[in-house]
Amino acid sequence: MKKITFILLLCISFISNAQKVFAVQYENQADVKVFVVKYENQADLNIYKVKYENQAGKNNGTWFFTKYKNQAKKKIYFVTYENQADLKIYVVKYKNQAGWRDKSKQHLMF
């Protein structure tokens with residue numbers, strides 16, 4: 001019985017950590033300020049945009065952009081300049097390329 005409970009809690013924790021994000025219109029509404037860099041080696045996080053909510057990762061760079069703010073785990077704001085950002089991202093073409101390049105910033109997306 002304890003094993004089943006543990007497995008159930010583990011599954012729930014994976015679901016609750018899904019990287020569902022919403023891009024807000026104003027900086028003061030955001031949890032994290034994000035800047036999209038031109039080159040992969042400049043990024044803190046490589047992200048891959050998934051098409052469906054159930055494909056989103058826990059904190060591994062696979063993001064699902066929600067339609068409504070209340071559906072998102074994190075609200076992000078895209079800044080104009082790199083020095084304004086909390087997190088620098090690079091959008092990759094393939095899911096297996098997604099992931100953290102600078103793990104010291106990982107706490108921003110929990």
Side-chain angles (χ1 to χ4, degrees):
M1 184 67 177
K2 287 183 180 182
K3 285 184 182 181
I4 294 172
T5 305
F6 176 73
I7 292 170
L8 184 60
L9 288 174
L10 189 62
C11 290
I12 290 170
S13 69
F14 283 132
I15 293 168
S16 66
N17 285 332
Q19 291 299 285
K20 297 184 286 186
V21 297
F22 180 80
V24 294
Q25 228 175 347
Y26 303 104
E27 185 176 351
N28 65 346
Q29 298 173 325
D31 299 319
V32 182
K33 293 179 281 183
V34 174
F35 181 76
V36 180
V37 295
K38 290 183 181 180
Y39 304 102
E40 186 176 354
N41 65 349
Q42 298 171 324
D44 300 319
L45 173 64
N46 292 338
I47 69 152
Y48 178 77
K49 296 180 197 177
V50 295
K51 292 182 182 180
Y52 304 103
E53 186 175 348
N54 65 346
Q55 295 174 324
K58 47 188 180 227
N59 193 1
N60 62 0
T62 50
W63 285 9
F64 175 76
F65 284 83
T66 63
K67 193 171 183 178
Y68 302 104
K69 188 181 349 181
N70 65 343
Q71 296 173 329
K73 171 118 172 86
K74 288 289 180 181
K75 295 178 289 295
I76 62 171
Y77 177 75
F78 290 100
V79 295
T80 309
Y81 302 103
E82 185 175 348
N83 64 349
Q84 298 171 319
D86 300 320
L87 182 66
K88 294 179 280 185
I89 64 168
Y90 180 79
V91 181
V92 294
K93 291 182 182 181
Y94 304 102
K95 189 175 182 177
N96 66 344
Q97 295 173 317
W100 287 96
R101 295 178 53 80
D102 182 359
K103 293 201 181 226
S104 70
K105 304 255 181 131
Q106 200 169 12
H107 70 279
L108 293 170
M109 295 306 292
F110 273 114

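Nothing fancy with the numbering, it's 1 onward along the sequence.
With sequence neighbours left out, Q29 forms a side-chain contact (heavy atoms from CB on, under 4.5 Å) with V24, Q25, Y26, K69. Residues satisfying the salt bridge (charged side-chain N to carboxylate O under 4.0 Å, His left out) criterion with K75, sequence neighbours excluded, are D31. For K51, the side-chain contact (heavy atoms from CB on, under 4.5 Å) partners are Q55, not counting sequence neighbours. Residues satisfying the side-chain contact (heavy atoms from CB on, under 4.5 Å) test with N83, not counting sequence neighbours, are Y81. Listed by chain and residue number, D44 satisfy the salt bridge (charged side-chain N to carboxylate O under 4.0 Å, His left out) test with K105 (two or more places apart in sequence, or in another chain). Remark: K74 engages no residue in a side-chain hydrogen bond (donor to acceptor under 3.5 Å, both in side chains) (not counting sequence neighbours). Qualifying side-chain hydrogen bond (donor to acceptor under 3.5 Å, both in side chains) partners for E40, counting only residues two or more places apart in sequence or in other chains: N46. Residues satisfying the side-chain hydrogen bond (donor to acceptor under 3.5 Å, both in side chains) criterion with S104, sequence neighbours excluded, are D102. Scanning for side-chain hydrogen bond (donor to acceptor under 3.5 Å, both in side chains) contacts around E82 gives K88, with sequence neighbours left out.
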Original post:
side chain to side chain contact (heavy atoms under 4.5 Å, CB included) between L87 and M109: does it pass, once the steps are laid out?
Top reply: CA-CA 9 Å; L87 182 66; M109 295 306 292; 4.1 Å; yes
Subject >> F35 and V37: CA distance, side-chain angles, deciding distance, side chain to side chain contact (heavy atoms under 4.5 Å, CB included) verdict >> reply: CA-CA 6 Å; F35 181 76; V37 295; 3.8 Å; yes
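Y94 forms part of no hydrophobic cluster, judged by ILVMFWY side-chain heavy-atom separations under 4.5 Å.
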